[in-house]
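Data block below; observations after.
Just so it is clear: chains get the letters A, B, ... in the order the sequence lines come, proteins before strands, and each one is counted from 1. Atoms considered below: every heavy atom in the structure, side chains included; atoms not considered: hydrogens, waters and symmetry mates.
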Number of protein chains: 2
Amino acid sequence: MARPQRIPRPTVKRLSLYLRELEDLAEHQHETISSKRLGAALGLTDAQVRKDLAYFGQFGHPGVGYRVPELIGQLRKILGTDRNWNAAVVGAGNVGRAIIAYQRFRRKGFDVVAVFDDDPAIIDREIAGHRVRSMSDLARLVRELDIKIGVLTVPAAVAQEVTDRLIAAGVRGILNFAPVRLDVHDAVAVASVDFSVALEQLAFQISLGVTGSLDEKGEE
Amino acid sequence: MARPQRIPRPTVKRLSLYLRELEDLAEHQHETISSKRLGAALGLTDAQVRKDLAYFGQFGHPGVGYRVPELIGQLRKILGTDRNWNAAVVGAGNVGRAIIAYQRFRRKGFDVVAVFDDDPAIIDREIAGHRVRSMSDLARLVRELDIKIGVLTVPAAVAQEVTDRLIAAGVRGILNFAPVRLDVHDAVAVASVDFSVALEQLAFQISLGVTGSLDEKGEE
DNA sequence: AGTTGTGAACTGATTCACAGCC
DNA sequence: GGCTGTGAATCAGTTCACAACT
């Protein structure tokens, strides 16, 4: 089970895109797919696809391509979405509500099991089937409910403070929607989504005259 | 005003992060900042910061650093957020509502001037001060209201079709929240935000044992 | 002293091209 | 015929290191 090699960061991002495309193919009963066609669907070369996948093992079948259901299984295992994670949403504003209602999260194995906010006006109210909890219950509930992921949908000004509390309570990863860089010690993982950054990328491309899209080829 | 050089894609992403940090510094009345301190705040080297900025001109002052308000102005100009863009939100579901209410968009110069949906149950209803319009009015309103940006918050299955309609109506850029790759001819810019991809990046880091964050150093 | 801007060196990522397999 | 996996070659991005400036 040794995996001695360093994985390029852009590769990890593309794995998600491969999986998304493969799940689509599976729905349309495609049994196999070649690196060439998979790459074309995502704007990548065939060599790129093969190299990315080869970091993790030999999943392909010469002369045939990759078997879709098999590769889906492998990618889920690699990405860690073959198991379930309990998650807490902190911040029941507009973005928080959207996340709670986002069906795709559950399908990826993320179960929102608690929602927190510090606004007395909404504590104990129900949002999309979840009773909003007080921040003072955070540490206790993270432990009791075995919450491993914190989804941060709070204002930027309090994001770091809430992060520290989540980590102290035992969370292993933070999905950050606040427009700030979070300082965490490196036993905790962070992934950030910043709408404004995306918007500025778009504005830049448009102002530029637009030649290629900065879309999801390496980024998103 | 010639700008002959090719800009690395990671550089453009970092410009947004510089701007975010600088706006924060400006609020705390910092007059100047060195590449070293700016880099440290974002987990980057000083050389990286200087090289990124130097692609666009000579904004620094040897012995002093960068003057914060001056650099903010330059970055806004470079990113194209020094002017205003009219935007339409297509899809008035949870994500669409969150976007409509997101104050930061307006501050970046993006004005949501129309909201569209195809659900008769919500057409003509008000959402956060916007009357929801029928999809059949899309082409006409894009022209009449001079809408340049389409924000796609529709289900994946119809994302490409809606994109085609937006482009046909004259939109110059698409901010895509649907988990699909959009095919567009290259006079139109696309930037994508995919929550599931972010979630999978997080899961991967956690499963890995976690050594460094894949955060926003080059990724977001 | 402190700091920028930039060519040169280096590191990392992508593409090429082909042996080996179906 | 088609296709994968992978070393070698190329391309892109980052860091180094230092002259020039305040």
Side-chain angles (χ1 to χ4, degrees), chain A residues 3-15 17-18 22 25 30-68 70-71 74-75 78 211-212 214-220, chain B residues 3-15 17-18 22 25 30-68 70-71 74-75 78 211-212 214-220:
Chain A
R3 177 79 52 238
Q5 208 164 352
R6 225 199 123 298
I7 311 298
R9 268 200 287 179
T11 292
V12 183
K13 209 163 254 160
R14 286 190 298 263
L15 293 182
L17 304 181
Y18 298 149
L22 287 161
L25 288 166
H30 278 70
E31 269 308 306
T32 66
I33 181 96
S34 66
S35 57
K36 188 163 179 179
R37 293 215 299 135
L38 181 53
L42 298 167
L44 306 168
T45 66
D46 54 334
Q48 181 80 81
V49 173
R50 292 199 300 278
K51 188 136 278 194
D52 282 343
L53 297 174
Y55 282 114
F56 302 94
Q58 309 202 161
F59 307 136
H61 304 275
V64 177
Y66 299 85
R67 300 202 212 285
V68 173
E70 178 193 343
L71 189 51
Q74 292 287 358
L75 285 174
I78 293 164
T211 6
L214 282 180
D215 201 7
E216 43 215 317
K217 302 188 184 176
E219 146 248 338
E220 218 166 85
Chain B
R3 176 82 50 239
Q5 208 163 351
R6 224 199 124 297
I7 312 298
R9 269 202 285 178
T11 293
V12 183
K13 210 164 253 160
R14 285 189 298 264
L15 294 182
L17 305 181
Y18 298 149
L22 288 161
L25 288 166
H30 278 72
E31 268 310 305
T32 66
I33 180 95
S34 67
S35 57
K36 189 163 180 179
R37 295 215 299 135
L38 181 53
L42 298 168
L44 304 168
T45 65
D46 54 335
Q48 180 81 81
V49 173
R50 292 200 299 278
K51 187 136 278 194
D52 282 342
L53 297 175
Y55 282 115
F56 302 95
Q58 308 203 160
F59 307 136
H61 303 276
V64 177
Y66 299 85
R67 300 201 211 286
V68 172
E70 178 193 343
L71 189 51
Q74 291 288 356
L75 285 174
I78 293 164
T211 6
L214 282 179
D215 200 10
E216 43 214 318
K217 303 187 184 176
E219 126 279 11
E220 171 124 351

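Remark on DNA chain C: of its neighbouring residues Asp52(A) and Val64(A), the 5'-side contact belongs to Asp52(A), judged by nearest-heavy-atom nucleotide.
Proximity of Tyr18(A) to Leu71(A): side-chain heavy atoms (C-beta onward) are nowhere separated by under 4.5 Å. Counting heavy atoms from C-beta on, the side chains of Arg50(B) and Asp46(B) come closer than 4.5 Å. Residues Ser35(A) and Tyr66(A) have side chains in contact (heavy-atom distance under 4.5 Å, counting atoms from C-beta outward). Between Phe56(B) and Leu15(B), the closest side-chain pair of non-hydrogen atoms falls below 4.5 Å.
For dT14(C), one of the phosphate oxygens OP1 or OP2 lies less than 4.0 angstrom from a side-chain nitrogen or oxygen of Arg14(A).
What separates CG of Leu15(B) from P of dG13(D) is a distance of 13 Å, to the nearest Å. In this entry the distance linking CZ of Arg67(A) with C1' of dC22(C) reads 10 Å, nearest Å. Going from atom OH of Tyr55(B) over to atom P of dT14(D) covers 8 Å, rounded to whole Å. Remark: P of dG5(D) and NE2 of His61(A) are 8 Å apart, rounded to the nearest angstrom. Taking atom CD of residue Gln48(A) and atom P of nucleotide dG12(C), one finds them 17 Å apart after rounding to whole Å. The CD atom of Gln74(B) sits 11 Å away from the P atom of dG5(C) (whole-angstrom rounding). The nearest whole Å value for the distance from the CG atom in Leu44(B) to the P atom in dC16(D) is 13 Å. For the pair Arg9(B) CZ and dA12(D) P, the computed distance is 11 Å after rounding to whole Å.
The listed nucleotides are dT6(D), dC21(C), dT14(D); the one nearest the side chain of Gln58(A) is dT6(D). Of the listed nucleotides (dG5(C), dT14(D), dG5(D)), dG5(D) has the atom at the smallest distance from the side chain of Tyr66(A). When each of dT22(D), dT6(D), dG2(D) is scored by its nearest atom to the side-chain atoms of Ala54(A), the top-ranked nucleotide is dT6(D). Side-chain atoms of Ala47(A) lie closest to dT15(C) of the nucleotides dT14(C), dT15(C), dT4(C). Closest approach to the Ser34(A) side chain among dG5(D), dT4(D), dT14(C) is made by dT4(D) (side chain taken as heavy atoms from C-beta onward). Comparing dT6(C), dG20(C), dG13(D) by their nearest atom to the side chain of Arg50(B) picks out dT6(C).
Among the atoms of the strands shown, base atoms are found under 4.0 Å from some heavy atom of Gly63(B).
For dT14(C), its base never sits under 3.5 Å from the side chain of Lys51(A) at any donor and acceptor pair.
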query = Passes side chain to side chain contact (heavy atoms under 4.5 Å, CB included), Glu31(B) versus Glu70(B)? Steps please.
reply = CA-CA 9 Å; Glu31(B) 268 310 305; Glu70(B) 178 193 343; over 6 Å; no

